[in-house]
Visitor: 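Got a structure for you, written out below as structure tokens; questions coming shortly.
The residues of the chain are indexed from 1 along the displayed sequence. Computed from a prediction, not measured in an experiment: that's the story for all the values here.
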Amino acid sequence: MACSRYEYVKSYEQDDRILPNVWIVVRVDGKKFHKFSNAHKFEKPNDENALNVMNAAGVAVMQEFRDIVLAYGQSDEYSFVFRKDTAAFKRRASKLLTYVTSLFSTSYVMNWPKWMDRPLAYAPCFDGRTVLYPSDENMRDYLSWRQADVHVNNLYNTAFWKLVLESGLTNQQAEERLRGTLSGDKNELLFQQFGINYNNLPAMYRKGTILLRKRVVQSEDDQDKGRQAIVPIHDDLIGAQFWKKHTELLGKYVPGIYVTSSNVPRLLQEQLSEELDAQLRDKANIS
């Protein structure tokens, strides 16, 4: 940047570098997504393809920032957890926040036609915030809070839309029917009135989506280093078992191993296909 007599204005910029040795979480949230989902006729109570547009945008952010160890998405929000020792953008809060939010927003638009069978009526908007957590426990409690939020909201929404779409209640009547009910009451209503065992619904709806960076291999005995990719899983991250299984998250960060099954998630399939296509193009260019 050329020096000039106007350069003094840089002194008005605030130093917003984040404290060292803290977990950095950037969370993006859809703005007026209730209106957006209605305008684009999302399935109620859950639209699998719409959720996967969010997941694909989350994958794009993790591919850009290798210091993100975990991302968690549900409904119209996504949280990105940066390593404690990340030096990305010199730990400037404004840079991290704006880059993640803008990249997520544009990736959402770019991935829309891959998953949805209708065009975008208008562009979505996401806001973002940066929150710091000093301890592993604080960071885990944050993620537990977001996953608990999934359970509460999805259980309510599942019961609500069953009452509206299958029992013919108005929105107001369904709200009145569910007012004051506990989780057990809603589970009982779903089972008795609609024959639904809530625990048998797709895990993505009940638990949200966790994105982890893994080395993808064919089997545990595979000697190949595998291909590194962002793997979507739908698991309980509130309990200790998740953190014992994925020890790299709280320890020295080296991507763990993910053994593929016969049912490879489409999000993962597309990443592996893109990598293979890139390798073939490179070979073609060399030859």
Visitor: If you take the centroid of each ring, where Trp contributes its six-membered ring, are Phe126 and Phe104 closer together than 6.0 Å?
Guide: yes
Visitor: Using a distance-only test with no angle check, is there a side-chain donor-acceptor pair under 3.5 angstrom linking Ser167 and Gln193?
Guide: yes
Visitor: Could you tell me which residues satisfy salt bridge (charged side-chain N to carboxylate O under 4.0 Å, His left out) with Asp235, sequence neighbours excluded, listed by chain and number?
Guide: none
Visitor: Let me check something: any side-chain donor-acceptor pairs from residues 17-28 under 3.5 Å, sequence neighbours excluded? List them with distances.
Guide:
residue : atom : partner : partner atom : Å
Arg17   : NE   : Asp15   : OD1          : 3.0
Arg17   : NE   : Asp15   : OD2          : 3.2
Arg17   : NH2  : Asp15   : OD2          : 2.7
Trp23   : NE1  : Asp136  : OD1          : 2.9
Arg27   : NE   : Asp29   : OD2          : 3.2
Arg27   : NH1  : Tyr142  : OH           : 3.2

Visitor: Who pairs with Arg92 by salt bridge (charged side-chain N to carboxylate O under 4.0 Å, His left out), at least two apart in sequence or on another chain?
Guide: Asp16
Visitor: May I ask you to establish whether Arg266 and Trp115 are in a cation-pi arrangement, using a distance under 6.0 Å from NZ or CZ to the six-membered ring centre and at most 45° from the ring axis?
Guide: yes
Visitor: Can you list everything that forms a side chain to side chain contact (heavy atoms under 4.5 Å, CB included) with Leu103? Sequence neighbours excluded, please.
Guide: Val61, Glu64, Tyr99, Thr106, Ser107
Visitor: Is it the case that atom OH in Tyr8 sees more than 12 heavy atoms from other parts of the structure closer than 6.0 Å?
Guide: no
Visitor: Just checking Glu166: does its CD atom have more than 12 heavy atoms from other residues, nucleotides or ligands closer to it than 6.0 angstrom?
Guide: yes
Visitor: Hey, do the aromatic rings of His40 and Phe33 have their centres closer than 6.0 Å?
Guide: no
Visitor: Sequence neighbours excluded, which residues qualify as salt bridge (charged side-chain N to carboxylate O under 4.0 Å, His left out) partners of Lys214?
Guide: Glu248
Visitor: Which residues pass the side chain to side chain contact (heavy atoms under 4.5 Å, CB included) test with Asn200, not counting sequence neighbours?
Guide: Asn197
Visitor: May I ask you to check whether Phe36 and Tyr122 place their ring centers less than 6.0 Å from one another?
Guide: yes
